[in-house]
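Nothing fancy with the numbering, it's 1 onward along the sequence. The figures here come from the full heavy-atom set of this structure, side chains too, leaving out hydrogens, waters and symmetry mates.
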Amino acid sequence: MVGGALQIAGLLVGGIGMIGTFAVTGMPQWRVSAFIENNIIVFETIWEGLWMHCIRQANIRMQCKVYDSVLALSPDLQASRGLMCAGSVLSFLAFMVAIIGMKCMQCAQSSWQAKGYIILVAGLLFILSGVVELVPVCWVASTIIRDFYNPMVNVAQKRELGEALYLGWVSAFCLIAAGAIFCCFCRCCEKTRSYGYSTPTHYPAHSPHLYRKTESSYSKSQYV
């Protein structure tokens, strides 16, 4: 009962993290224009993402344009594009492996040991996908903060943390939490199987029952 609840909880948390990873990868709100000092054009907001940049005017009209080349991106966004794609693939693969290894998936030739290994692989994949997602999100956030406090950077080029970064942290936390849940479930299954094994009963060599049985059979042979 507890194991089934753990599996369902891990699958739900992992699914939330996977959907969040997909959303973060496609969202343009990685870098948002900062309104500081003389840059007070508040009716125009600039968004910079991994695939496109957008200009939103007075919350009414928004225009987006896909980057003409990967070289137009900064080094952190170039690396983030590849890492987020890898994280999305890993999270989807972990989600599918978790479904296969779920306790409710009854296969004809499957065993508890094989299912435990499948669940463990799913947990490790979830943790790996969360770590892979954390790297680009933290990298871009640190670059934005560094440039924001750098006096050598032009005010018009300074950016703030976008909504995609906050969603990325939440999604990575969900993926890592799901991986930890599945790994704990696999550990609990190992303990349950070890406790379930019973040791065979060993009779002593000089058991009185065995001696009495042998003596009676010998006496009957002698009598005949």
Requested in this report: Find out whether L175 and L90 are in side-chain contact, i.e. whether some heavy atom of one side chain is under 4.5 Å from a heavy atom of the other.
Outcome: no

Report summary line: In short, G179 meets I127 closest at the heavy-atom pair CA-CG1, 3.7 Å

Requested in this report: Please answer: with hydrophobic residues joined when any side-chain heavy atoms are less than 4.5 Å apart, are V13 and V97 in the same cluster?
Outcome: no

Query raised in the report: If two hydrophobic side chains count as joined below 4.5 Å and joins carry through other members, does M27 share a cluster with L134?
Result: yes

Query raised in the report: Is there a chain of hydrophobic side chains (I, L, V, M, F, W, Y, each step under 4.5 Å between heavy atoms) that links L167 to V140?
Result: yes

Query raised in the report: side-chain contact (heavy atoms from CB on, under 4.5 Å) between S171 and V137: does it pass, once the steps are laid out?
Result: CA-CA 11 Å; S171 301; V137 172; over 6 Å; no

Query - Residue pair C54 / R56, side-chain heavy-atom distance below 4.5 Å - result: no

Query - For M84 against T25, the heavy-atom pair lying closest together - result: CE-OG1, 3.4 Å

Query raised in the report: Looking at residues at least two apart in the chain, or sitting in another chain, which of them share a ring-ring contact (aromatic ring centres under 6.0 Å, His included) with W169?
Result: Y166

Requested in this report: Check V132 against L83 and note the closest heavy-atom contact, atom names and distance.
Outcome: CG1-O, 3.3 Å

Query raised in the report: Taking all atoms of both residues into account, what is the closest heavy-atom pair of G130 and A172, and its distance?
Result: O-CB, 3.6 Å

Query - Shortest non-hydrogen separation from L120 to C183 and the atoms involved - result: CD1-SG, 4.1 Å

Query raised in the report: Can you name the side chain to side chain donor-acceptor pair (under 3.5 Å) partners of T21, sequence neighbours left out?
Result: E133

Query raised in the report: Can any side-chain N or O of W47 pair as donor or acceptor with the backbone N or O of M52 at less than 3.5 Å?
Result: no

Query raised in the report: Can you get from V32 to W139 by hopping between Ile, Leu, Val, Met, Phe, Trp and Tyr side chains that sit under 4.5 Å apart?
Result: no

**Report entry** Value rounded to 0.5 Å, distance of CG in L93 from OG in S88
**Finding:** 12.5 Å

**Report entry** Any residue meeting side-chain contact (heavy atoms from CB on, under 4.5 Å) with L11, in chain and number order, not counting sequence neighbours
**Finding:** F95, A98, I99, M102, F182

Requested in this report: Please confirm whether the backbone N or O of V24 pairs with a side-chain atom of W30, one donor and one acceptor, at under 3.5 Å?
Outcome: yes

Query raised in the report: Salt bridge between D76 and R31, side-chain N to carboxylate O under 4.0 Å?
Result: yes

Query raised in the report: By side chain to side chain donor-acceptor pair (under 3.5 Å), which residues pair with Q29, not counting sequence neighbours?
Result: none

**Report entry** Connected via hydrophobic side-chain network under 4.5 Å: I8 and F126
**Finding:** yes

Query - Over all atoms of both residues, closest heavy-atom pair of V70 and R81 - result: CG2-NH1, 3.4 Å

Query raised in the report: Do Q63 side-chain atoms and I55 backbone N/O form a donor-acceptor pair below 3.5 Å?
Result: no

Query raised in the report: Can you tell me how far the CD1 atom of I181 sits from the CD1 atom of I176, to the nearest 0.5 Å?
Result: 12.5 Å

Report task. For residues P136 and L50, determine if any side-chain heavy atom of one lies less than 4.5 Å from a side-chain heavy atom of the other. Result -> no

Requested in this report: Could you pull out all residues at least two apart from Y67 that satisfy ring-ring contact (aromatic ring centres under 6.0 Å, His included)?
Outcome: H53

Query - Which residues share a side-chain contact (heavy atoms from CB on, under 4.5 Å) with F92, sequence neighbours left out - result: M18, F22, M96

Requested in this report: Starting at CG of L73, measure out to CH2 of W51 and round the result to the nearest 0.5 Å.
Outcome: 9.5 Å

